[in-house]
Amino acid sequence: MKGKFIVFEGIDGSGKTTQINQLSKWLISTDLIPENNQLVITREPGGTELGQSIRSLLLDNSRKNSPDAITELLLYAADRSQHVNEIIRPTLNEGDWVISDRFCGSTLAYQGYGRKLDLKLIKALETIATQGIAPDITFLLDIPVEESIKRRINRKDDRIEKEGREFLSNVSIGFQTLSKNSKWKKISATKSKEQIIIEIQSEIKKLIKNK
Ligand code: TMP
């Protein structure tokens, strides 16, 4: 792949959106992205038009019947397959950069550690959905579960966020485990916005140097 693929992960309320905005502003102001290339910001679930419909099936909590755990897993995989084929792979092939708010790590953390589905099954679906596309770096914005709950107090929970404290704790343990991978960088998201972006910028510079 010619472009760079950067992913942000974390439990709900970890500040991914803020940091993605800060990083994209900074990247555009530098010459790290080649002159004729661009930066594409996307997300899962819902990075494509089809994915928007899948997102609503997954997260809308006003539906009478919610998907069972395996159906939920398959819907996240379907969203990812479409996202990779329609957006991520063609963009990277052009040499453009992609920042995605969530990717495979979220499925391992939420459906694996949260819902307790078989990690091997999740990884097999990941292989099918991604066809070998993997992030160059994944940032885990790490906040304690209590802080996540506090930050979201005035927000309406989606269907997954409604699962409660124990579920979220298991998801958080999942993310901690995944972040031990050398392609992940865990950043404490209780630090100031300014401190966090400095750490992210430094990791991106390292990534370019080591290419
Ligand atoms: P968002 O609110 O960050 O857009 O994420 C949507 C919700 O979907 C969030 O609660 C995490 C959840 N999720 C999963 O459970 N599995 C996945 O694979 C992904 C991508 C998200």
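We count ligands from 1, going down the list as the structure has it; atoms in each ligand are counted the same way.
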Show the atoms of ligand 1 that are less than 4.0 angstrom away from any heavy atom in E44.
20 (C)

Considering distance alone, does some N or O of D101 sit under 3.5 Å from an N or O of ligand 1?
no

Which ligand 1 atoms, with their elements, are less than 4.0 angstrom from a heavy-atom of Q111?
14 (C), 15 (O), 16 (N), 17 (C), 18 (O)

Under 3.5 Å, side chain of K2 to main-chain N/O of L92, donor-acceptor pair present?
no

Numbering the atoms of ligand 1 from 1, which are under 4.0 Å from a heavy atom of L59?
6 (C), 7 (C), 8 (O)

Near I160, which atoms of ligand 1 are under 4.0 Å from a heavy atom of that residue?
10 (O), 15 (O)

Using modelled atom types and a 3.5 Å cut-off, is there a donor and acceptor pairing between side-chain atoms of E9 and backbone atoms of G105?
yes

Any idea which heavy atoms bring S66 and R159 closest together, and the distance?
CB-CD, 3.6 Å

Any nitrogen or oxygen of E72, main chain or side chain, under 3.5 Å from a nitrogen or oxygen of ligand 1?
no

In terms of atom number and element, which parts of ligand 1 are under 4.0 angstrom from non-hydrogen atoms of K16?
3 (O)

By number and element, which atoms of ligand 1 are closer than 4.0 Å to a non-hydrogen atom of D12?
9 (C), 10 (O)

Heavy-atom donor-acceptor pair, N37 side chain to E94 backbone, under 3.5 Å
yes

Contact check: R55 vs ligand 1, nitrogen or oxygen atoms, below 3.5 angstrom:
yes

With a cut-off of 4.0 Å, which atoms of ligand 1 are near a heavy atom of R80?
18 (O), 20 (C)

Quick check on R43 - does any of its heavy atoms sit under 4.0 Å from an atom of ligand 1?
no

N/O donor-acceptor pair under 3.5 Å between R102 side chain and E44 backbone
no

heavy-atom search around atom 18 (O) of ligand 1 in the protein gives T107 OG1, 2.6 Å

If you have a sec, work out which protein heavy atom is nearest atom 3 (O) of ligand 1 and how many Å separate them, to one decimal?
R102 NE, 2.8 Å

Is there a donor-acceptor pair under 3.5 Å between the side chain of R80 and the backbone N or O of F103?
yes

With a 4.5 Å cut-off on side-chain heavy-atom distances among I, L, V, M, F, W and Y, is there a chain of contacts connecting V7 to V98?
yes

Before accepting this row, confirm whether a basic side-chain N of the pair D79/R55 lies closer than 4.0 Å to the acidic partner's carboxylate O.
no

Inspect the contact between E147 and K150 and indicate whether a charged nitrogen and a carboxylate oxygen are less than 4.0 angstrom apart.
yes

Considering only heavy atoms, does D79 approach ligand 1 within less than 4.0 Å through its side chain, its backbone, both, or neither?
neither

Which residue and non-hydrogen atom of the protein lie closest to atom 21 (C) of ligand 1, and at what distance in Å?
Y76 CE2, 3.4 Å

Paired with D101, the side-chain hydrogen bond (donor to acceptor under 3.5 Å, both in side chains) test is passed by just one of R43, K16, Q19, namely K16

